[in-house]
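Notes for the one structure printed next.
No experiment lies behind these values; they were computed from the predicted model shown. Index from 1, following the sequence.
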Amino acid sequence: MNERRTIDVEELVVDEENPRFEAVSTEDDALYSILADQKLGTGNKILNLARDIVAHGLNASELLIVSPIEGTDTYRVREGNRRVTAIKLSLFSERIPEDFRKLAPRFEELADAMQAHRLIECCICDDEDEIRRLLLLRHGGESNGVGTVKWNSAQTTRFNEEGNPQTARALSFVGHLQEDYGQGNLWKAAAVIPPTNLGRLITTPEVRQMLNIDADGNEAHYRGGHDALLLDVLLTLKDKGVGAIYDKGARVRLVEEAAERLEPDGQRQARLPWDENGLFDSTDLDVGRCSGAAGTDSRIDTIRDGSHDALIDNQSQGPSQEPAADETSESPQSDGPSSHVETLDDGQQDTPVESVNNVRRKPVSKAGEEAMFGHVLRPKGPKSNDVYRAIDWIDQQYLLDPTGMTHLLPILGFSLRLLMETVAREYYQDKKVNPGESPFNTFMENVAKPVIKDRLDESNQKSYALASEWIDGNLKFEGLCHQWAHGAMPVDRASLVRQSKLAALIIDEVWT
């Protein structure tokens, strides 16, 4: 059966096995899971969707797909669960779960207007194979053109802003901030600035040089090294608006004045500590020192978290990046590349960092060694993202001088265990589940292994060979992490890289 019919929302049941979340037992649990999945820092995506439905109606280009529930006059929603949830909670706010009761007044404001949208045109289908085909067309990716082919950022900008390059760069800049730093303070500050204002700022070459921002066509990318300075500039622009950057002179002065306060004499600002939102907090800093290369001192910053010390990176360095194609190691203004021993707020010295035209960049390894994790990761949580970037940064320091930096290998081993512990804690916090006294062990046994095993059952790719060893018990990944974390076993980089690839697979499948 495959027919269209208009159905009252009361006869539609939100799918308890919606792929957006793990299967639950009741529709009320499904409503809770959808609200939890769609929460924002302020508000909720479902509330935003409800407001849009009231203002514009349902999306006429996408029918709901439903299947009959045997023995009843109701239908299970197979595609369109968010829309049905938005309508139901607007009409029946008493069904809003206790954890989200603060949203109830906002949904109730929509109740009268939502009555006009309670009758929904649906495609009724009772063929599971056909339903799966339809869902894959919608959510399964492009499939070489068979599925939905999404616009890229340039195409989206061309549609929304008629190709305004300033706006395109602003959108690209915000997108890259989220990819590289998660939804932290930098992204939050940039995302609320009107794209026209942000684009006006970062289109100025002098501003880009001072803030270490690359621009190429419609793309703009922050390369790290000036987190506190960039945050200060963004917050000023957010508060003062276009008046602060009306002309080129004002834009340059804005950044120069901030740099004089935060980076006197060209010194790099201290990294941003973790705060209550998952970034850094300076109250948690405990600074240790270790011997660096070439007689210099390098800092190792640790986070005290009650039971253990969590190694993190100097966040102001940003993610590892190769120099842009148009950059050279020498310039007419200099006799060649210079190496600066950078000073932090407490007067201690940091690892040498290359300077190109006074724009400080994170050192990039030229050793040709295989990278940790095998590829770039995008952990879902802000803290796991920070720890991952810390590992990447520390590994780059090791590769600059493997002989002089051997002391970093035990730190990397400890940090790999910390990364997986952080992922486990964030996962259970996101799911609102108590993992017990050992989140790491519980996560690896009850979450990671079942997911990876399912993936192994449907794929024979060579990239899963290491995972197969782990599932079969031939690789004691958890044991290695435990021994490295407690200094009970020496760490060599080959083993470290190998285990990091398994960690990457777990993060990609469970926490990305």
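- Distance alone, capped at 3.5 Å, places no donor-acceptor pair between the Ser90 side chain and the Met114 backbone.
- The closest donor-acceptor contact from the side chain of Arg425 to the backbone of Pro439 lies at 3.5 Å or more, if one exists at all.
- In summary, Arg389 and Asp392 do not engage in a salt bridge, as defined by a charged side-chain N under 4.0 Å from a carboxylate O.
- Thr422 places a side-chain N or O within donor-acceptor distance of the main-chain N or O of Leu418, the cut-off being under 3.5 Å.
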Donor-acceptor contacts, no H, no angles, side chain residues 231-246, under 3.5 Å, sequence neighbours left out:
{"from": "Asp232", "atom 1": "OD2", "to": "Arg261", "atom 2": "NH2", "distance (Å)": "2.8"}
{"from": "Thr236", "atom 1": "OG1", "to": "Asp232", "atom 2": "O", "distance (Å)": "2.9"}

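- Judged by distance alone, the side chains of Asp386 and Tyr181 never bring a donor and an acceptor atom under 3.5 Å apart.
- Ion pairing of Arg378 with Asp508 is absent here, as no side-chain N (NZ or NE/NH1/NH2) approaches a carboxylate O to less than 4.0 Å.
- The closest side-chain heavy-atom distance from Leu377 to Thr512 is not below 4.5 Å.
- Other residues, nucleotides and ligands contribute only 12 or fewer heavy atoms inside 6.0 Å of the CG atom of Asp112.
- Considering only residues two or more places apart in sequence or on other chains, Tyr32 meets the ring pair (Phe, Tyr, Trp, His ring centres under 6.0 Å) condition with Phe100.
- Counting heavy-atom neighbours within 6.0 Å of Arg95 CZ, excluding the residue itself, gives a total above 12.
- A 6.0 Å sphere centred on CG of Asp216 holds no more than 12 heavy atoms belonging to other residues, nucleotides or ligands.
- In this structure, the side chain of Asn81 engages the main chain of Val77 through a donor-acceptor pair within 3.5 Å.
- Using modelled atom types, no side-chain atom of Ser384 and backbone atom of Pro379 make a donor-acceptor pair closer than 3.5 Å.
- Remark: Glu98 does not engage Lys102 in a salt bridge, criterion side-chain N to carboxylate O under 4.0 Å.
- Among all heavy-atom pairs drawn from Val14 and Ala30, the shortest one is CG1-CB, 3.8 Å.
- The backbone N or O of Phe21 lies less than 3.5 Å from no partner atom in the side chain of Asn18, so there is not a single donor-acceptor pair.
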Verdict with reasoning, Arg251 to Thr204, per side chain to side chain donor-acceptor pair (under 3.5 Å): CA-CA 8 Å; Arg251 295 191 283 276; Thr204 307; 2.7 Å; yes

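- Atom CD of Glu22 has 12 or fewer neighbouring heavy atoms from other residues, nucleotides or ligands inside a 6.0 Å radius.
- The environment of CD in Gln429 is sparse: at most 12 heavy-atom neighbours from other residues, nucleotides or ligands sit within 6.0 Å.
- In this structure the side chain of Leu47 never reaches within 4.5 angstrom of the side chain of Leu35, judged on heavy atoms.
- Listed for the Arg208 side chain is a donor-acceptor partner under 3.5 Å among the backbone atoms of Thr203.
- Residues Asn385 and Gly182 come closest through the heavy atom pair ND2-N, 3.4 Å.
- Taking CE of Met210 as the reference point, atom CG of Leu254 lies at 8.5 Å (rounded to 0.5 Å).
- Residues Phe373 and Leu416 form a side-chain contact, since some pair of their non-hydrogen atoms from C-beta on lies under 4.5 Å apart.
- Side chain of Tyr428 to backbone of Phe443: a donor-acceptor contact under 3.5 angstrom is found.
- Inter-residue side-chain proximity for Val376 and Tyr388 is flagged as met; some heavy-atom pair is nearer than 4.5 Å.
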Check against side chain to side chain donor-acceptor pair (under 3.5 Å), Tyr222 and Asp227: CA-CA 9 Å; Tyr222 171 55; Asp227 287 17; 2.6 Å; yes

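- In this structure, the side chain of Gln178 does not engage the main chain of Trp187 through any donor-acceptor pair within 3.5 Å.
- Applying the ring pair (Phe, Tyr, Trp, His ring centres under 6.0 Å) test to His176 and every residue at least two apart in sequence or in another chain returns His221.
- Side chains of Lys45 and Arg82 form a contact here, defined as non-hydrogen atoms less than 4.5 Å apart.
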